[in-house]
Amino acid sequence: MRRHVIEMVHAAGSGHPGGSLSSADIVTALFFEVMEHSPELESSQDRDHFILSKGHAAPVYYAALAESGYFPVEELITLRQLHSRLQGHPSRVKTPGVEMSTGSLGQGLSVANGLALALRSQGLGRTVYCLCGDGEMAEGQVWEAAMFASHYHLDNVIAIVDRNGLQIDGRTEDVMALEPLGDKWRAFGWNVLFMDGNDMWQVLETLEEARRHKGSPTVIIARTVKGKGVSFMENNVGFHGKAPNDKEYEQAMRELGGSA
Amino acid sequence: MSWAMESQRKNYGKALVELGRTRKDVVVLDADLSGSTRTAEFGKTFPDRFFNCGIAEQNMMGTAAGLAVGGMTVFASTFAVFATGRAYDQVRQSIAYPDLDVKIVASHAGITVGGDGASHQTMEDIALMNAIPNMTVIVPADGPETYRAVLAVAEARGPAYIRMGRSDVPIITSKDDVFSIGKASTLREGNDVALVGVGQMVAPCLLAAEGLKAKGINARVINLSTIKPLDVETLEKAARDCGCVVTAEEHNIVSGVGTMVAAALAERYPTPMERVAMQDVFGQSGESDELMREYGLSEKEVIAAAIKVTERRK
């Protein structure tokens, strides 16, 4: 998954590697272990659902969709090219498997809530997973949605905050302090769980615990490392929205156990 | 002319209940204004399919989008100023771009809101919604047309915006009329000038046509209830037959319906025009009819514009 991300962003010459790498383990767990989904089930509501609120992590989302069979893996390197189905940010109308267009931050959780209401009203016991960035917690709409989900007892919504601690202009705590983040969600009526979002066993266990919780929505605050897996990208805010050059690309691919 | 008066909102409420009965997939959202927008009746009748979002319009639009992703046809209502201004980005990003089946039906549009003043009097909502790809924009002229428009957008897939006023308006269309999205209706024939009215300005256009008749000018009156897609055929025919056009709208003159009609005619059949509209100023508190007179939105201004434009007639 991480190799796909590096290949795509390098081929495109632009994009956001950092937030894709930090959330790669979470996305992998969801698409290949936790969620029931498949291209054949795409037109059915009777499956699990995924909304990528942090739309700039499109590369890792596309990697998961391609590896799940929604479109050919070879198509991944067309990211951000003219006429490609793989837009810089996810588009529901262009890409097979993408449920919702996102990119303007802070909007995904509202959509997840609406989808969860629709599933509940159709009597479907399915879950909507919503992956959010930590920087986007500064958007007021996130907290409108947080209030809504708890008011309507949407226990079929599981939000995951990719808490990598960095945003474009620097550390989240310097740009717009979020802590104590768990207390904020708790005050809004959510079941709050924490995990190391780069530890696969913890990710799987915590997602399972979230799924079992009933009566209120659950948020998982996932501590992650931005740029995880590529030494010179780790905790480096410079790689939030920058593609690696050829030399960096080769080194990144070597570190991720592949060949450039 | 004397017309019975009726509220557009009341008709919206009625249409929603009707839709709720016939279609199980219709869901309604409101943002703490369900009494004013008249979605409350649907909420009472179908409590499982009505969700009050509180005073949080941005979240309401996103929730509406999510319900539509889940296969529902969603009606989302609040005042027009909040639906199109406060939640513009959510409408653009989460509803229009993904082309979802969400109908934004907004009330209290324009200056006829009255006493609430300029903070609540949107005169740029049509411009905002019109500029978004995939969006259908409808401004019904009266209560019965509102009812028919709501049923029509429910049948058509995709995002739509319907604009309603607060006050009671004259019933000028007939219950037997058929509402067809994208089709303007000609309410009165005439070949000296075409009066193109929008929403609450259609009735003043009909009154103006009577006034003009006394001066020997036979005015055609068109009810342009769909703004997008614009019925350019009907507009071009009116321009060719009449040789001059007046538009009348309760909206800002900047990027208003007059602008769109002028642009369409400039490409097809350039025609002398006058535009009756808000003159790029904010409104103020007052009674609806006082405000319409204060800002030059009555039959008087339509007559003056018609006389002026006929002097430049092609």
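Quick caveat: nothing in here was measured; it's all calculated off a predicted structure. Chain identifiers are assigned alphabetically (A, B, ...) following the order of the sequence lines, protein sequences preceding nucleic acid strands; residue numbering begins at 1 within each chain.
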Do other residues, nucleotides or ligands put more than 12 heavy atoms under 6.0 Å from A:E179 CD? yes
In this structure, are over 12 heavy atoms from other groups packed under 6.0 Å from B:R92 atom CZ? no
Would you confirm whether the ring centroid of A:H37 sits within less than 6.0 angstrom of the ring centroid of A:F31? yes
Aromatic contact, A:F50 with A:Y61 (centres under 6.0 Å): yes
Residue of the set B:T37, B:I138, B:V105, B:V150 for which side-chain contact (heavy atoms from CB on, under 4.5 Å) holds with B:M164: B:V105
Among B:D99, B:V74, B:I55, B:N52, single out the residue with the greatest number of heavy-atom pairs under 4.5 Å to chain A. B:N52
Please flag which part of A:Q45 lies under 4.5 Å from any non-hydrogen atom of chain B: side chain, backbone, both or neither. side chain
Answer key: most heavy-atom pairs under 4.5 Å with chain B among A:G108, A:G106, A:S91, A:S110 is A:S110
Which value, rounded to the nearest 0.5 Å, describes the distance between B:F82 atom CZ and B:H120 atom NE2? 4.0 Å
Need one label for B:N134: side chain, backbone, both or neither, based on atoms under 4.5 Å from any heavy atom in chain A. neither
Pairs of heavy atoms under 4.5 Å with chain A: top-ranked of B:K24, B:Q93, B:M61: B:Q93
Does any backbone or side-chain atom of A:A112 lie under 4.5 Å from a heavy atom of chain B? Answer side chain, backbone, both or neither. neither
For chain B, find which of A:M100, A:H49, A:Q122, A:H151 contributes the most heavy-atom pairs closer than 4.5 angstrom. A:M100
Counting only heavy atoms closer than 4.5 Å, note whether B:L29 contacts chain A via side chain, backbone, both or neither. neither
Can you say whether A:L119 sits under 4.5 Å from chain B via the side chain, the backbone, both, or neither, judging by heavy atoms? neither
Taking C-beta and beyond as the side chain, do A:M137 and A:W185 meet within less than 4.5 Å on heavy atoms? yes
Under 4.5 Å from any heavy atom of chain A - which part of B:D89: both
Residue part contacting chain B, namely of A:S121, when any heavy atom lies under 4.5 Å: side chain
Below 4.5 Å, heavy atoms only, C-beta onward: do A:L117 and A:L154 meet side chain to side chain? yes
